[in-house]
**Student:** 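Below is one structure. I have some questions about it.
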Amino acid sequence: MKKRIYSGTQPTGIITIGNYLGAIKNWLLLQKDNDCIFSIVDLHALTIKQNPEEFKDKSLSFLAQYIACGLSPEKSILYVQSHVLEHTALCWLLNCMTYIGECNRMTQFKDKSKKHEDNINMGLMDYPVLMAADILLYKTDLVPIGIDQKQHLELARNLAERFNARYGDTFTVPDGFIPTVGAKIKSLQNPESKMSKSDSNENASVGILDTPDMILKKFKRAVTDSENKVCYDENRPGISNLINIYCGFTGCSREDVEKQFSDGGYGKFKLAVADAVISVLEPIQKEYAKIMNDKKYLLNVIKEGDEKARNIASKTLREVYDKMGIV
Ligand code: AQP
């Protein structure tokens with residue numbers, strides 16, 4: 001039976017190979033046989049200060065990146081979160097049954113509060129409740145995500161169960177879909193922390209639109225250790241991260257990689273990782289350039305996606321209002 005799939009990315013920077021391996025690669029897999037909805041979650045991005053001039057072009061660029069990666073507007077619903085007002089309405093209702101303690105113990109809230117000390121806003125703390133609203137509005141069965149979002153998904157599950165217990169069966173309790181390889185790709189400059197689109201160090205992340213030269217340079221500079229032996233070991237996060245990236249882009253197992261590169265040292269392996277990434281990204285970049293030239297097509301995809309999403313979301317919200325006694 002087809003499952004309802006829901007996921008999204010924040011339109012900040014450029015989609016990274018972390019987002020690609022942790023989320024989008026699985027979206028492509030699930031898109032084949034399921035009923036999928038993929039969103040550009042622009043309201044989430046506003047929890048961090050954005051430059052309006054740059055921000056206004058981001059949603060179209062992200063849509064083009066989605067389509068270039070292989071997401072199809074014919075098979076899946078692709079839309080922009082802020083265009084479907086039901087998200088913020090359900091978020092408010094869920095806020096009224098979420099405890100403050102549930103939000104302020106979230107790892108992402110703590111990390112982002114440290115990173116943006118001058119802007120610890122309510123939205124940043126409320127991020128997981130809005131994410132719960134995104135997922136629950138579409139009665140989602142499965143949410144393909146990287147491991148960093150596992151804690152947020154847990155809250156969405158708790159809120160669905162809490163609402164159903166209080167008001168009667170309404171929401172589907174969603175499951176996470178987390179990849180075995182690539183669930184948490186680390187920063188190339190600090191392999192203790194995750195790779196992020198919004199990292200201010202441009203050598204820390206690889207964007208799917210980076211040129212082959214940039215990709216090569218970033219992998220050559222990737223922080224490793226002094227052992228110079230290509231071997232997966234959680235106590236050596238730099239080389240282990242590169243092995244995960246190589247496996248994610250080639251489909252090889254860790255054991256294959258260790259055998260294949262047993263005598264080459266880090267230099268040779270870094271070149272091989274860059275090659276593997278470039279060969280997957282090159283066709284995506286060509287497609288992206290083509291699609292970005294056709295703004296009319298992109299606007300039309302958004303218009304149709306918004307309508308389809310709104311159709312589903314408005315039905316759920318009406319049901320929720322009804323159950324809560326809102327006339
Ligand atoms: N490093 C990562 N490894 C694996 N998966 C990752 N994801 C994010 N980073 C990694 C997964 O990508 C999806 C989209 O993420 P998002 O844009 O909603 O927000 P995020 O998790 O906060 O990602 P970033 O790249 O770190 O964005 P910024 O810098 O804007 O905060 C999610 O499924 C996420 O798990």
Side-chain angles (χ1 to χ4, degrees), residues 5-30 36-51 54-55 58-59 61-63 65-66 69 71 80-81 87 106-116 119 123-124 127-128 130-132 134-135 140 142-156 174-202 204-210 222 237 240-242 244-245 247-249 277:
I5 313 294
Y6 186 94
S7 199
T9 55
Q10 304 180 74
T12 50
I14 300 287
I15 290 175
T16 68
I17 57 169
N19 304 129
Y20 182 82
L21 293 181
I24 294 181
K25 216 173 139 204
N26 277 333
W27 299 4
L28 296 171
L29 204 73
L30 291 163
C36 293
I37 306 176
F38 300 117
S39 168
I40 294 157
V41 288
D42 53 348
L43 295 175
H44 282 282
L46 290 170
T47 55
I48 303 298
K49 277 182 203 152
Q50 304 291 342
N51 174 336
E54 288 167 16
F55 194 59
K58 283 286 181 206
S59 289
S61 163
F62 264 62
L63 177 67
Q65 290 175 61
Y66 280 9
C69 284
L71 295 173
V80 179
Q81 180 193 32
H87 287 253
M106 290 288 175
T107 309
Q108 180 176 288
F109 174 62
K110 290 185 198 156
D111 288 349
K112 290 206 169 171
S113 298
K114 263 190 224 145
K115 259 199 207 160
H116 305 276
N119 185 27
L124 199 58
Y127 183 113
L130 180 58
M131 177 166 154
D134 301 339
I135 296 166
T140 303
L142 218 52
V143 189
I145 41 170
I147 220 154
D148 62 317
Q149 296 295 336
K150 195 168 170 235
Q151 206 181 21
H152 292 171
L153 181 70
E154 210 46 56
L155 179 71
D175 286 316
F177 189 95
I178 298 177
T180 41
V181 174
K184 189 170 181 182
I185 297 300
K186 309 287 181 54
S187 152
L188 296 186
Q189 289 302 307
N190 175 13
E192 303 284 345
S193 65
K194 84 163 184 139
M195 182 179 286
S196 257
K197 282 183 241 101
S198 55
D199 199 314
S200 53
N201 181 344
E202 58 179 31
S205 66
V206 174
I208 62 165
L209 302 180
D210 283 356
S240 300
N241 188 38
L242 293 181
N244 277 339
I245 295 172
C247 292
F249 276 90
V277 172

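The chain is numbered in sequence order, starting from 1. Note that ligands are numbered from 1 as they come in the structure, with each ligand's atoms numbered from 1 the same way.
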**Student:** Looking at Lys184, which atoms of ligand 1 are within less than 4.0 Å of one of its heavy atoms?
**Tutor:** 3 (N), 4 (C)

**Student:** Which ligand 1 atoms are under 4.0 Å away from a heavy-atom of Thr9?
**Tutor:** 14 (C), 17 (O), 18 (O)

**Student:** Verify the distance criterion only: is there a donor paired with an acceptor across the side chains of Asp134 and Gln81 at less than 3.5 Å?
**Tutor:** yes

**Student:** Considering only heavy atoms of Gly146, which atoms of ligand 1 have at least one such atom less than 4.0 Å away?
**Tutor:** 5 (N), 11 (C), 33 (O), 34 (C), 35 (O)

**Student:** Quick check: does Ser7 get an N/O under 3.5 Å from an N/O on ligand 1?
**Tutor:**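 Between Ser7 and ligand 1 (N or O atoms, distance only) the closest approach is not under 3.5 Å.
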
**Student:** Please examine the side chains of Leu21 and Phe249, heavy atoms only from C-beta on, and report whether any two atoms are closer than 4.5 Å.
**Tutor:**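 Yes; the side chains approach each other to less than 4.5 Å.
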
**Student:** Would the number of heavy atoms belonging to other residues, nucleotides or ligands and lying under 6.0 Å from CD of Gln151 be above 12?
**Tutor:** yes

**Student:** Ser198 heavy atoms, cut-off 4.0 Å: which ligand 1 atoms fall inside?
**Tutor:** 28 (P), 29 (O), 30 (O), 31 (O)

**Student:** Please could you name the atoms of ligand 1 that Gly8 approaches to less than 4.0 Å, counting only its heavy atoms?
**Tutor:** 14 (C), 18 (O)

**Student:** Tell me: protein heavy atom nearest atom 20 (P) of ligand 1, and distance?
**Tutor:**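 Answer, as residue, atom name and distance: Lys194 NZ, 3.5 Å.
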
**Student:** When only distance counts, is Met195 in polar contact with ligand 1, meaning an N/O pair under 3.5 Å?
**Tutor:**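 Such a contact does occur with ligand 1.
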
**Student:** Mind checking whether Lys197 contacts ligand 1 via backbone (N, CA, C, O), side chain (CB onward), both or neither, at a 4.0 Å heavy-atom cut-off?
**Tutor:**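 For Lys197, backbone and side-chain atoms both sit under 4.0 Å from ligand 1.
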
**Student:** Could you check whether any side-chain heavy atom of Met195 comes within less than 4.5 Å of a side-chain heavy atom of Leu188, counting everything from C-beta outward?
**Tutor:** yes

**Student:** I'd like to check Leu28 versus Leu71 (side-chain heavy atoms, cut-off strictly below 4.5 Å). Are they in contact?
**Tutor:** yes

**Student:** Considering non-hydrogen atoms of the protein only, which is the closest contact for atom 30 (O) of ligand 1, and what is the distance?
**Tutor:** Thr12 OG1, 2.7 Å

**Student:** Enumerate the side-chain hydrogen bond (donor to acceptor under 3.5 Å, both in side chains) contacts for residues 180-189, please, sequence neighbours excluded, ordered by first and then second residue.
**Tutor:**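 The answer is none; no pair qualifies.
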
**Student:** In terms of atom number and element, which parts of ligand 1 are under 4.0 angstrom from non-hydrogen atoms of Ala23?
**Tutor:**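 Counting from 1, the qualifying ligand atoms are 12 (O), 13 (C), 33 (O).
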
**Student:** Who passes side-chain contact (heavy atoms from CB on, under 4.5 Å) against Ser61, sequence neighbours left out?
**Tutor:** Gln65, Tyr288, Met292

**Student:** Which part of Ile145 is near ligand 1, with near meaning a heavy atom under 4.0 Å away: side chain, backbone, both or neither?
**Tutor:** both

**Student:** A side-chain contact here means heavy atoms from C-beta on lying under 4.5 Å apart; do Phe62 and Asp42 qualify?
**Tutor:**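 Sidechains of Asp42 and Phe62: no contact.
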
**Student:** Side chain or backbone of Ser196 under 4.0 Å from ligand 1, or both, or neither, by non-hydrogen atoms?
**Tutor:** both

**Student:** Report the nearest protein non-hydrogen atom to atom 35 (O) of ligand 1: residue, atom name, distance rounded to 0.1 Å.
**Tutor:**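 Minimum-distance protein heavy atom for atom 35 (O) of ligand 1 reads Asp148 OD1, 2.5 Å.
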
**Student:** Around atom 3 (N) of ligand 1, find the nearest protein heavy atom and jot down its residue, atom name and distance.
**Tutor:** Ile185 N, 2.9 Å

**Student:** Within the structure provided, determine whether Cys36 and Trp27 are in side-chain contact (heavy-atom separation under 4.5 Å).
**Tutor:**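 When only atoms from C-beta onward are counted, Trp27 and Cys36 do not touch, as no gap falls below 4.5 Å.
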
**Student:** Can you pull out the closest protein heavy atom to atom 32 (C) of ligand 1? Residue, atom name and distance to 0.1 Å, please.
**Tutor:** Gln149 CG, 4.0 Å

**Student:** Give the residue, atom name and distance (to 0.1 Å) of the protein heavy atom nearest atom 22 (O) of ligand 1.
**Tutor:** Gln10 NE2, 3.3 Å

**Student:** Can you find a heavy atom in the side chain of Leu124 that is under 4.5 Å from one in the side chain of Ile48?
**Tutor:** yes

**Student:** Counting non-hydrogen protein atoms only, what is the nearest one to atom 6 (C) of ligand 1? Give residue, atom name and distance.
**Tutor:** Gly18 O, 3.6 Å

**Student:** Against heavy atoms of Ala183, which atoms of ligand 1 measure under 4.0 Å?
**Tutor:** 3 (N), 4 (C), 5 (N)

**Student:** Working to the nearest 0.5 angstrom, can you tell me the gap between Lys115 NZ and Ser200 OG?
**Tutor:** 7.5 Å

**Student:** Can you find a heavy atom in the side chain of Leu153 that is under 4.5 Å from one in the side chain of Ile135?
**Tutor:** yes

**Student:** Tell me, do Tyr66 and Thr9 make a side-chain contact under 4.5 Å, heavy atoms counted?
**Tutor:** yes

**Student:** So is there a nitrogen or oxygen of Lys112 less than 3.5 Å from a nitrogen or oxygen in ligand 1?
**Tutor:**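 Checking ligand 1 against Lys112, an N or O pair does fall under 3.5 Å apart.
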
**Student:** Does only the side chain of Asn19 get under 4.0 Å from ligand 1, or the backbone, or both, or neither? Count heavy atoms.
**Tutor:**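 The answer is both, backbone and side chain.
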
